[in-house]
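Only this structure's heavy atoms are used, side chains among them; waters, hydrogens and symmetry mates stay out. Order of the sequence lines fixes the chain letters, A, B, ..., with proteins taken first and strands second; residue numbering starts at 1 for each chain.
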There are 2 protein chains.
Amino acid sequence: MISHAVEDYLKAIYEIEEDVGHVTTSLLAMHLAVAPASVTGMVQKLAKARPRLVNYERHQGVTLTPAGRKIALEVIRHHRLIELYLAEALGYDWDKVDAEAEKLEHVISEEFEDKIAALLGDPTVDPHGDPIPTKDGTVAEACRLPLSAIEPGCTVRVARVRDADPEFLRYLAELGLTLRAQVTVTKRAPFDGPLHIAVGEAGAPVRTHALGRSVTDRIFVERQ
Amino acid sequence: MISHAVEDYLKAIYEIEEDVGHVTTSLLAMHLAVAPASVTGMVQKLAKARPRLVNYERHQGVTLTPAGRKIALEVIRHHRLIELYLAEALGYDWDKVDAEAEKLEHVISEEFEDKIAALLGDPTVDPHGDPIPTKDGTVAEACRLPLSAIEPGCTVRVARVRDADPEFLRYLAELGLTLRAQVTVTKRAPFDGPLHIAVGEAGAPVRTHALGRSVTDRIFVERQ
DNA sequence: CACTGAATTTAGGCGCGACTAAAAAATTAT
DNA sequence: ATAATTTTTTAGTCGCGCCTAAATTCAGTG
Ligand SMILES: [Mn+2]
Ligand SMILES: [Mn+2]
Ligand SMILES: [Mn+2]
Ligand SMILES: [Mn+2]
């Protein structure tokens with residue numbers, strides 16, 4: 001039986017691999033809020049497990065084996081399905097779903113997973129725009145075009161927000177920057193200055209904001 | 001922070017106290033599927049905790065303190081609300097809800113609890129007829145009249161089934177003996193023989209069965 | 001190439017919650 | 001009242017997942 005801790009390690013390895021490329025001990029330690037020495041210990045255990053869940057060579061970082069990736073994707077599917085279920089069926093705000101899903105992901109049964117997936121109509125993205133892995137372990141390519149890369153004059157739609165921090169998510173919601181919101185970039189201030197945007201559908205009242213790079217780097221958009 | 005294990009012990013103590021009266025080490029061990037020595041160890045820890053969660057004197061059994069009872073009732077509220085939610089919102093059969101609730105009860109937040117309680121209309125009983133404790137820790141008196149005590153000729157309604165065994169629950173469902181089903185006792189065979197009953201609403205097709213004592217003792221009913 | 005600072009690993013230890021085997025206490029039978 | 005049986009407790013151990021402190025290894029610099 002796979003422990004909650006192991007599930008969280010595999011999930012974290014997958015996520016770091018996805019958005020940094022190389023998974024180091026210290027990144028894992030930060031991600032999991034655990035001492036680096038604890039990570040080394042766990043990673044050695046995962047590498048010794050049968051079947052092996054990670055590839056690990058001292059000082060070389062960690063990668064998932066197929067068996068490890070399979071478990072990671074199962075946990076991530078649980079997590080994202082639960083997030084969406086909480087938002088859709090129970091009316092959770094998008095800044096609260098992550099913390100709740102973090103605990104529920106480890107305890108729900110296959111039946112629970114299947115029931116909420118069916119109820120949601122086999123959804124493909126969670127409330128933050130992250131793709132939901134399918135049951136057989138395939139994941140759609142996530143949107144990777146940051147708002148910070150959009151030229152003035154272009155109109156795009158928010159497709160994904162890459163941050164789980166509740167404060168950040170509440171801030172975005174206040175600005176109207178929720179999933180699928182329409183955004184027009186009006187101006188980019190020089191010397192890496194703020195990006196000026198207008199948020200809202202054509203016809204509806206449009207709100208304008210100036211956003212710093214650390215914000216616009218974490219919002220991913222799609223062209224229309 | 002209270003561990004899942006402690007929550008399960010306190011819940012088990014409450015439940016045994018409720019339907020046997022006196023809570024012994026061996027009953028707890030059976031209930032929790034754990035060795036008797038493990039129970040002794042945990043119970044000593046609960047008695048040493050601050051605030052104390054149980055009263056314990058060697059060889060004298062265990063009782064809950066007010067602090068212990070409070071936690072037990074919170075966990076039981078979670079458990080029964082979740083059972084009902086699974087049945088009502090996700091279409092679970094009543095024999096599957098217990099196993100799922102057993103895990104979920106320890107991880108849901110106050111917000112989750114409040115949301116499902118509101119969605120269910122602040123219900124008072126779970127899918128097996130067990131009363132759901134209120135948020136402030138009061139519990140309605142559970143129905144305690146067993147079907148085995150009903151005289152021939154009387155018509156009653158199933159109010160509570162005192163067993164979590166999925167096989168047993170599926171068997172009852174097959175007989176039509178679900179919560180609130182109408183039952184008329186037609187005959188009691190002598191020498192502790194089977195109880196003959198007719199199940200069904202007036203007008204609907206009525207089915208008859210003969211049930212042994214171990215079944216009728218676990219079905220509680222209310223007079224109409 | 002040697003030095004230095006950062007990242008990583010090793011060593012040793014802790015609390016939790018379970019276990020088995022053996023001792024002790026309580027209960028029941030003779 | 002004593003013996004046999006059952007129940008409960010003690011003693012000792014284990015795996016898990018974390019910790020701190022110290023040792024090691026790596027990477028960048030002069
Ligand atoms: Mn988690
Ligand atoms: Mn998400
Ligand atoms: Mn439980
Ligand atoms: Mn129940």
**Student:** Looking only at side chains, do B:D163 and B:H128 share a donor and an acceptor under 3.5 Å apart?
**Tutor:**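 No - no donor-acceptor pair under 3.5 Å links their side chains.
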**Student:** Using atom CG of A:L10 as one end and atom C1' of D:dG17 as the other, report the distance to the nearest whole Å.
**Tutor:**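 Distance, rounded to whole Å: 15 Å.
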**Student:** Output the rounded distance in Å from CG (A:L46) to C1' (D:dC18).
**Tutor:**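 After rounding, the reported distance stands at 15 Å.
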**Student:** Return a table of donor-acceptor pairs under 3.5 angstrom between the side chains of residues 44-60 of chain B and protein atoms on other chains or two or more places apart.
**Tutor:**
{"residue": "B:N55", "atom": "OD1", "partner": "B:T63", "partner atom": "OG1", "Å": "3.2"}

**Student:** Answer with base, sugar-phosphate or nothing: what part of the nucleic acid does A:A5 contact at a heavy-atom distance below 4.0 Å?
**Tutor:**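 The residue A:A5 makes sugar-phosphate contact but no base contact.
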**Student:** Got a sec, which residues hit side chain to side chain contact (heavy atoms under 4.5 Å, CB included) with B:T24, two or more places apart in sequence or on another chain?
**Tutor:**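 If we apply the side chain to side chain contact (heavy atoms under 4.5 Å, CB included) test to B:T24, skipping adjacent residues, the hits are B:H22, B:S26, B:L27.
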**Student:** Can you list everything that forms a side chain to side chain contact (heavy atoms under 4.5 Å, CB included) with B:S214? Sequence neighbours excluded, please.
**Tutor:**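 Checked B:S214 against side chain to side chain contact (heavy atoms under 4.5 Å, CB included); matches are B:R218.
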**Student:** Which residues satisfy the side chain to side chain donor-acceptor pair (under 3.5 Å) test with B:T178, sequence neighbours excluded?
**Tutor:**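 In terms of side chain to side chain donor-acceptor pair (under 3.5 Å), with neighbours along the sequence ignored, B:T178 is linked to no residue.
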**Student:** Mark up nucleotides 2-10 of chain D, 5' to 3', with B wherever a protein heavy atom is under 4.0 angstrom from a base atom, S wherever such an atom reaches only the sugar-phosphate, and - elsewhere.
**Tutor:** ------SBB
**Student:** With sequence neighbours left out, write down each residue that passes side chain to side chain contact (heavy atoms under 4.5 Å, CB included) with B:L145, or none if nothing qualifies.
**Tutor:**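 For B:L145 the side chain to side chain contact (heavy atoms under 4.5 Å, CB included) partners, ignoring immediate neighbours, are B:A149, B:I150, B:V221, B:R223.
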**Student:** For B:A210, give me all partners under side chain to side chain contact (heavy atoms under 4.5 Å, CB included), at least two apart in sequence or on another chain.
**Tutor:**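 If we apply the side chain to side chain contact (heavy atoms under 4.5 Å, CB included) test to B:A210, skipping adjacent residues, the hits are B:P194, B:H196.
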**Student:** Please list all pairs passing the side-chain hydrogen bond (donor to acceptor under 3.5 Å, both in side chains) test where one or both residues lie in residues 10-20 of chain A, with sequence neighbours left out.
**Tutor:**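 Found A:K11-A:E102, A:K11-A:E105, A:E15-A:H31, A:E17-A:R69, A:D19-A:R162.
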**Student:** Taking only residues at least two apart or on different chains, which pairs with a member in residues 105-124 of chain A satisfy ring-ring contact (aromatic ring centres under 6.0 Å, His included)?
**Tutor:**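 Passing the test, one end in residues 105-124 of chain A: A:H4-A:H106.
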**Student:** Between the protein and nucleotides 12-15 of chain D, which nitrogen or oxygen pairs are less than 3.5 angstrom apart?
**Tutor:**
none

**Student:** Does anyone know the first and last nucleotide of DNA chain C in reach of chain A, 5' to 3', at under 4.0 angstrom to a heavy atom?
**Tutor:**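 So the contact region on DNA chain C extends C:dT8 to C:dT10.
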**Student:** In whole Å, I'd like the distance from the NE2 atom of A:H4 to the C1' atom of D:dG17.
**Tutor:**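 Distance, rounded to whole Å: 13 Å.
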**Student:** Please, which pairs that meet salt bridge (charged side-chain N to carboxylate O under 4.0 Å, His left out) have at least one residue in residues 109-120 of chain A, sequence neighbours excluded?
**Tutor:**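 Non-adjacent pairs meeting salt bridge (charged side-chain N to carboxylate O under 4.0 Å, His left out): A:R77-A:E113, A:E110-A:K135, A:E111-A:K115, A:D114-A:K135.
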